[in-house]
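What follows is one structure encoded as structure tokens, with my remarks underneath.
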Protein chains: 2
Amino acid sequence: MANVNSLADDRTAVPAPSRTSRAAIVRAAAETLEAEGLHGLTMQSVAARVGVRPPSLYKHVDGRDALVRLVAEAAVGDLIALLAAAAPEDSEPRGALHAAAAALRTFGKDRPGAFRLIFSPGPPSTRPGPDVALLAVAPVLRIATELAGPDDALEAARTITAWASGFIAMEIAGAFGLGGDVDRAFDYGTARIADALSRR
Amino acid sequence: MANVNSLADDRTAVPAPSRTSRAAIVRAAAETLEAEGLHGLTMQSVAARVGVRPPSLYKHVDGRDALVRLVAEAAVGDLIALLAAAAPEDSEPRGALHAAAAALRTFGKDRPGAFRLIFSPGPPSTRPGPDVALLAVAPVLRIATELAGPDDALEAARTITAWASGFIAMEIAGAFGLGGDVDRAFDYGTARIADALSRR
DNA sequence: ACCTGAACACCGTTCAAGT
DNA sequence: ACCTGAACACCGTTCAAGT
């Protein structure tokens, strides 16, 4: 039978259900980032990947910069989990430093786009909030405190982070083009940094 | 009197003289980079700065990526000069390390856009040629050789470069937001790195 | 409540036409 | 030999109209 209250139905039409979601969009953007680079991470490519038209994305995210920021924050979250797993609270600091550095390096090689988003960020509107970034520092700060003592903990943590992020950024960028064993240079650096920071 | 060979003049019309030059374009692009960021470095903004229309730029440079690369190469050239001046061939290595690190840091703070172009490069088409990048390493390699000895020179040089570039990249990015004395952390890192690499 | 086509501003790049 | 306007493809974003 014909619907007797089609007018009412039209007025109270069931709102169109989402054909995508913020989580799916962020995931698609992260994949596009690694596949095409930050330059190729466009609203159009992401929209095509999740199966909607570009304007629809604006119902879920505030725009491209905001989307890049969400991708960066998700990546920091993943990195925090990796570092926490590699360097548990009660682990011996020298071994923990080695494990955390190796975990960061693996992350950088697996997801160079995400690594760059975290350590070579663009305009402020695309950067993770400071609260998110702070959490990632916790394991390094613990290691630095045990190695260098509380008075130098902050400086030591910054030395570790600067060296590791700088090394991996160079490796990703292909700055180690000519010769040498990159693995050996990384191990050498880890050992020297650990020596240098250890309370004497 | 009327020119009797105006036809010939038209045929052999003096070619339009350049209203700009590659050097002026690269300079304008470098200024735009620092003033507006890499995102704001557009063919339109550069053209306006040198006083021509955007298509005219293509008579002097191959396109935006090529222009970015020229800016990067010019910046590397400037940096090489700064490092060479800060750490002369015959200087004592520990002092030279301190001076070179300080020079790099000053460069990064003065020209963050150029610094990022060198140490956090984008697509290959925008990167300085490897030959240019190699020259910048020379003073660091000399210092590393004297500190760590020839066998570990390459690894030591990579440790120095990774730490310094990572530290300054973080500082430029504002990653040292919360507390602590950044100058002290830099001095601490310099001293610890020098200790760690010194032949024992 | 979300999706869409159309539209606008902006950018990189090409090209025929000017001088 | 260089400069220009016009044009094209592409991108981010807005908005009225659909369901």
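Per chain, numbering begins at 1; letters A, B, ... match sequence-line order. Here the structure is a predicted model, which means the values were calculated and not measured.
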Write out all pairs satisfying salt bridge (charged side-chain N to carboxylate O under 4.0 Å, His left out) with one or both partners inside [range], taking only residues at least two apart or from two chains.
{"range": "residues 124-144 of chain B", "value": "B:Arg142-B:Glu146"}
{"range": "residues 65-75 of chain B", "value": "B:Arg69-B:Glu73"}
{"range": "residues 91-103 of chain A", "value": "A:Arg94-A:Asp195"}
{"range": "residues 31-49 of chain A", "value": "A:Glu31-A:Arg49"}

* Structure fact -> Per-nucleotide protein contact along nucleotides 3-10 of chain C, 5' to 3', at a 4.0 Å heavy-atom cut-off (B base, S sugar-phosphate only, - neither), is BBBB----

* **Residues within residues 64-73 of chain B bordering DNA chain D, heavy-atom distance below 4.0 Å** => none

* Can you sort out the partners of B:Phe107 under ring-ring contact (aromatic ring centres under 6.0 Å, His included), two or more places apart, ordered by chain and number? => none

* Asked: List DNA chain C stems (3 or more consecutive Watson-Crick/G-U pairs, under 3.5 Å)?
  -> C:4-8 with D:12-16, C:12-16 with D:4-8

* To do: Rounded off to whole Å, could you give me the OH-to-C1' distance for the B:Tyr58 and C:dT13 pair?
  =>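 Interatomic distance, OH of B:Tyr58 to C1' of C:dT13: 5 Å.
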
* To do: Name all pairs fulfilling the ring-ring contact (aromatic ring centres under 6.0 Å, His included) condition that reach into residues 111-150 of chain B, sequence neighbours left out, sorted by first residue then second.
  => B:Phe115-B:Phe119

* To do: For residues 52-72 of chain A, pull every pair meeting ring-ring contact (aromatic ring centres under 6.0 Å, His included), keeping only residues two or more places apart or in separate chains.
  => none

* With B:Arg22 via side-chain hydrogen bond (donor to acceptor under 3.5 Å, both in side chains) - residues at least two apart ->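 side-chain hydrogen bond (donor to acceptor under 3.5 Å, both in side chains) check on B:Arg22 returns nothing, list empty.
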
* Structure fact -> Sorted by chain and residue number, the salt bridge (charged side-chain N to carboxylate O under 4.0 Å, His left out) partners of B:Asp90 (sequence neighbours excluded) come out as none

* To do: State, yes or no, whether a side-chain contact exists between A:Leu197 and A:Asp152 at a heavy-atom distance under 4.5 Å.
  => no

